[in-house]
**Student:** 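Attaching a single structure in structure tokens format; questions to follow.
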Amino acid sequence: MTARDQFALVGRISGGRVIDPGSGLDSPADILIDERGRISRIGRSGSGASSVESDGDVLDATGMIVAPGFVDLHVHLREPGREDEETVASGSAAAARGGFTTICCMPNTEPAIADQETVRFVLDRALAAPGRVHPIGAITRDREGKSLAGIAEMVAAGAVAFSDDGAPVGSAGLLRRAMQYSRMFNVPIVEHCDMPDLSADGVMNEGLVSTKLGLRGIPPVSEEICLARDIALARETGAHLHAAHLSTAGSVEIIRRAKAEGVNVTAEVTPHHLILTDDLIARDFDPLYKVNPPLRTRRDVDALRQGLADGVIDCIATDHAPHAEQEKDGEFDLAPFGMVGLETALGVCVKALIETGLLDWPGLIDCLTRRAARAFHLAAGTITVGSPADLVLIDPDAQWRVTPESLISKSKNSPFLGWELTGVVRATIVDGRLVYQDFAAGSSLSTAARRERSVTSTAKR
Ligand code: DOR
């Protein structure tokens, strides 16, 4: 019994444009879901009009896109330790609102997810969450960078990847050993690429804007040197390196060359690095724009977009980083790094990638689903008969305004407050259960479902 069992079971989703990049499907289709919440059939729209596989509700997806539930490889859930900012349950609910059905949570909690007990603790909390949550274990004990954490025991407990995110592993020797070890378990080593002696005390991108503002900068080369070092180690050890939140044009080129050479490397980019630039900080010194790695320049944004479109960057990951209002709403210098992103990811990516003509809907969905799942070897991100029904229904042309009240996350530190975004998540389904829905009043899903169901049962009689 999990929290999902309390949500309504969906029996059929009809009339939507089903986009599944994994199978190449992009056409009107009905999806049937059985009693166990698994996909039992994908059929031509209307062909199974009178059939429901289970007793579940019928969702009318006319005018909507039906896609695999999104997969986010980079989320900060703050539990244990800062449950005032986010919990496993509240973060998973925010994820569902954003269309994500699978999220991976970073270990920079208090205490860090650095042993078997804490991995188990998070997985236990995940039983009360609407979506799937996979813990990422720390590479080093307590994320202190001094000795390796118990990687084997954490893999056994269910950790899917390893990272000291928030900081890189400073010691090349230690990282090399972690990589050698990770190969035995086929798990990625996720690096927050940064050279602390280059970025120390920096609060934003180093460049013209930081110079004008008199703020200490974090130079692009700080990310790029660390990435180059990590790639050298991945090349030597054969381990899988996953580069978190790329932020510079130079990093895209480094990944491009490494991949061409056959190094086992994958990379992600955040929605905010695909759209925001450092000059926004000059406008109002708002700490909502303070993030690590920092927002860079237009040239970097363009290179990151192109890198994603080319497939050099594997996927989009939010780096959802909730922070308490009293900590974020202060002096720029003192505010913590990070911004929430789960709920705005889709709309921001539509603006950055679809409205600019770089990707179409199947292309964007691929970056949020199959390409992400593949990077971490997760069994998710596709619509397959026999697999759990993890799906999202998107109203592609509908718009919404981001306000603090519109966000489910416990923290509201979004730089997109006030933005009008296109692309509304209308329903999120995990294991065949409707864990999130947002249908306009009057066209309530359950009303439609009840009506359809009674028609179906009348027809059956
Ligand atoms: O901006 C960030 N916030 N970058 C990180 O690497 C960590 C994250 C956090 O945990 O707040």
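Both counts, for ligands and for their atoms, begin at 1 and track the order of listing.
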**Student:** Just jot down the ligand 1 atoms closer than 4.0 angstrom to any heavy atom of Val291, in number order.
**Tutor:** 1 (O)
**Student:** A quick test of your reading: do over 12 heavy atoms of other residues, nucleotides or ligands sit less than 6.0 Å from CD of Glu420?
**Tutor:** yes
**Student:** What is the nearest protein non-hydrogen atom to atom 2 (C) of ligand 1, stated with its residue, atom name and distance?
**Tutor:** Asn292 O, 3.5 Å
**Student:** Does Arg132 pair with Asp390 as a salt bridge, N-O distance under 4.0 Å?
**Tutor:** yes
**Student:** Under 4.0 angstrom from ligand 1, any heavy atom of His323?
**Tutor:** yes
**Student:** Under 4.0 Å from a heavy atom of Ala321: give me the atoms of ligand 1 that qualify, with their elements.
**Tutor:** 3 (N), 8 (C), 9 (C), 11 (O)
**Student:** Which residue and non-hydrogen atom of the protein lie closest to atom 10 (O) of ligand 1, and at what distance in Å?
**Tutor:** Asn108 ND2, 2.8 Å
**Student:** Taking the six-membered ring for Trp and the single ring otherwise, decide whether the centroids of Phe185 and Tyr181 are under 6.0 Å apart.
**Tutor:** yes
**Student:** Less than 3.5 Å between some nitrogen or oxygen of Pro293 and one of ligand 1, yes or no?
**Tutor:** no
**Student:** Does ligand 1 have an atom under 4.0 Å from some heavy atom of His320?
**Tutor:** no
**Student:** With a cutoff of 4.0 Å, is Gly166 in contact with ligand 1, counting heavy atoms of the residue only?
**Tutor:** yes
**Student:** Quiz question: by atom type and distance under 3.5 Å, do the side chains of Arg296 and Ser247 form a donor-acceptor pair?
**Tutor:** yes
**Student:** Write down the atom of Thr318, the atom of Ala345, and the distance for their closest heavy-atom approach.
**Tutor:** CG2-CB, 3.8 Å
**Student:** Among all protein non-hydrogen atoms, which one is nearest to atom 9 (C) of ligand 1, and what is the separation to 0.1 Å?
**Tutor:** Arg78 NH2, 3.4 Å
**Student:** Which atoms from ligand 1 have a heavy atom of Asp319 less than 4.0 Å away?
**Tutor:** 4 (N)
**Student:** Run the numbers for me: atoms of ligand 1, each under 4.0 Å from some heavy atom of Asp165, listed by number.
**Tutor:** 6 (O)
**Student:** If the plane angle is over 60° it's perpendicular, under 30° parallel, otherwise tilted; pick one for His377 and His240.
**Tutor:** perpendicular
**Student:** May I ask you to identify, for His74, whether its side chain, its backbone, both or neither come under 4.0 Å of ligand 1 on a heavy-atom basis?
**Tutor:** neither
**Student:** Should the proximity of His192 to ligand 1, defined as any heavy atom under 4.0 Å, be assigned to the side chain, the backbone, both, or neither?
**Tutor:** side chain
**Student:** Run the salt-bridge test on Arg256 and Asp310 with the 4.0 Å N-O cut-off and return the result as yes or no.
**Tutor:** yes
**Student:** Going by heavy atoms in the side chains, are Asp286 and Phe332 under 4.5 Å from each other?
**Tutor:** no
**Student:** Note the single closest protein heavy atom to atom 8 (C) of ligand 1, along with its residue, its atom name and the distance in Å.
**Tutor:** His76 NE2, 3.7 Å
**Student:** Indicate the atoms forming the closest heavy-atom contact of Ala61 with Leu393, along with that distance.
**Tutor:** CB-CD2, 3.9 Å
**Student:** Say whether Phe337, considering both its backbone and side-chain N or O atoms, lies within less than 3.5 Å of an N or O atom on ligand 1.
**Tutor:** yes
**Student:** Begin from the C-alpha positions of His245 and His74 and carry the test ring-ring contact (aromatic ring centres under 6.0 Å, His included) through to its verdict.
**Tutor:** CA-CA 9 Å; His245 42 50; His74 194 142; 5.1 Å; yes
